[in-house]
There are 2 protein chains.
Amino acid sequence: MAKRQVREEAEPVAVSDAALTRFLGYHLKRAQTVLMGDMNAAIAPLGLRMITYSALAMVAENPGLRQSHLADALSIERPNLVVILDDLEERGLISRDRVPTDRRAYALMPTLAGRKLYEEATAAVAAHEARMLAGVSAEDRAAVLRVLGAIRHGKGGEEHG
Amino acid sequence: MAKRQVREEAEPVAVSDAALTRFLGYHLKRAQTVLMGDMNAAIAPLGLRMITYSALAMVAENPGLRQSHLADALSIERPNLVVILDDLEERGLISRDRVPTDRRAYALMPTLAGRKLYEEATAAVAAHEARMLAGVSAEDRAAVLRVLGAIRHGKGGEEHG
DNA sequence: TATTGTTATACTCTATAACTATA
DNA sequence: TATAGTTATAGAGTATAACAATA
């Protein structure tokens, strides 16, 4: 609107990305941000976020799981898992049952409502990813999993400082 | 250490990931965390982090860049860029020069020290990524870039709510 | 003495509103 | 009135220390 000044850039301004596009870290971070933000939006109507869905999924498919094991599996710290499980428990999606043989620990169990929401959410997540990967070939999908696995596991054997 | 109780799990405890491994978001987040953490460690000796390196790289290869354009290019908010540039400027790696034709804006310029550090850091980053992708084929690397690009750009044309 | 879950806390990252100085 | 850069601030996400109960 208005009269348009003597400026070259009214459009997005083409800034060269060339300095960064050579690096996988750049692409990985951007894609991760977009995918997770979009996935969070996709399951927000169910009252879930990615981390919350992940915890629910693990409990649903590994009934009896201990909190410390779940934290390890999700690669998060034990203290940070507490509030996530508080949320799921308060909403009646999981329960924390005392373990008779080790009264320090809790066995995490999905409730019926938890299982139901897990299935709904899983369908939503699958649909979301199908949409995100609509134009991607099966070969490329497989390749991505190989590379992401290599990044995730490749580390640790190379340097230790 | 000590006597070993009557417990099945002294080792890492095999918890099934199956509930999550079907989803790309899971792999993407893990890989991103590992890669970025590792890259940050790789360039920490140079006093840089990934975001800090990215900003320096963009300035080095796009001298005269404005802050708002840089923020757009890095997909970060303008206010968050300020402290990053403060850091680079205080260390004498970039300068903020007034733009004569628009005295509101700053033209970001790399200093000589900035260019030098950028080249060092670029070598470190490239070496780091080469290490991370050591066992990955050229085809798989290309496939990853295709898929990450699809995720990053694929969004936005599908839904708008 | 070590471990499970918890609390408190801190540090980073990210996001928004509002200010200033210019346009 | 709108824009560039800034300030202040709030919210996630992530990390560590330390505590109570239990092993």
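Heavy-atom basis, side chains included; hydrogens, waters and symmetry copies ignored.
Annotation: salt bridge (charged side-chain N to carboxylate O under 4.0 Å, His left out) contacts involving residues 14-35 of chain B, sequence neighbours excluded, comprise A:Glu61-B:Arg22, A:Arg152-B:Asp17. Sorted by first and then second residue, the salt bridge (charged side-chain N to carboxylate O under 4.0 Å, His left out) pairs involving residues 46-60 of chain A (not counting sequence neighbours) form an empty list.
Summarising the geometry of A:Asp140 relative to B:Ala143, their closest heavy-atom pair is OD1-CB, 3.5 Å, with the distance given to 0.1 Å. Summarising the geometry of A:Val15 relative to B:Met58, their closest heavy-atom pair is CG1-CE, 3.4 Å, with the distance given to 0.1 Å.
Distance from the side chain of B:Arg96 is smallest to D:dT6 among C:dG5, C:dA2, D:dT6. In the set D:dA21, C:dT6, D:dT6, the nucleotide with an atom closest to the side chain of A:Val82 is C:dT6.
Taking atom CG on A:Asp97 and atom P on C:dG5, their separation rounds to 12 Å, with Å as the unit. Summarising the geometry, the separation between CZ on B:Arg98 and P on C:dT22 is reported as 6 Å, rounded to the nearest angstrom. The distance between atom CZ of B:Arg104 and atom P of C:dT22, rounded to the nearest whole Å, is 10 Å. What separates NE2 of B:His69 from P of D:dA4 is a distance of 6 Å, to the nearest Å. Across the protein-nucleic acid pair, B:Leu70 atom CG and D:dT6 atom C1' stand 15 Å apart, rounded to whole Å. At whole-Å resolution of the value, CG in A:Leu74 and C1' in D:dA15 are 16 Å apart. Atom CE in A:Met50 sits about 15 Å away from atom C1' in D:dA12, given to the nearest Å. Here C:dA2 presents its C1' atom at 12 Å from CG of A:Asp102, a figure rounded to the nearest Å.
Under the salt bridge (Lys or Arg N to Asp or Glu O under 4.0 Å) criterion, A:Arg96 pairs with A:Asp86, A:Glu89, not counting sequence neighbours. For A:Glu120, the salt bridge (Lys or Arg N to Asp or Glu O under 4.0 Å) test picks out A:Lys116, with sequence neighbours left out.
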Spell out protein contact along nucleotides 10-20 of chain C as letters: B when the base is contacted, S when just the sugar-phosphate is, - when no protein heavy atom is under 4.0 Å; keep the 5' to 3' order. ---SBBBB---

A:Leu145 and B:Leu24: side chain to side chain contact (heavy atoms under 4.5 Å, CB included), yes or no, with the steps? CA-CA 8 Å; A:Leu145 293 182; B:Leu24 178 61; 4.2 Å; yes

Let's test your reading of the pairing rules: Watson-Crick or G-U wobble, both distances under 3.5 Å, then write DNA chain C as a dot-bracket string with ( ), [ ], | and dots. |||||||||||||||||||||||

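Regarding contacts with the backbone of D:dG5, a side-chain N or O of B:Ser68 is found under 4.0 angstrom from either OP1 or OP2. The side chain of A:Gln67 contributes no N or O atom lying less than 4.0 Å from OP1 or OP2 of C:dT3. OP1 or OP2 of D:dT22 sits under 4.0 Å from a side-chain N or O of A:Arg103.
To the nearest 0.5 Å, atom CG of residue B:Asp72 and atom CZ of residue B:Arg78 are 5.5 Å apart. Interatomic distance, OG of B:Ser95 versus CG of B:Leu85, reported as 11.0 Å (0.5 Å rounding).
Nearest-nucleotide positions on DNA chain C for A:Ala105 and A:Asp86 put A:Ala105 closer to the 5' end.
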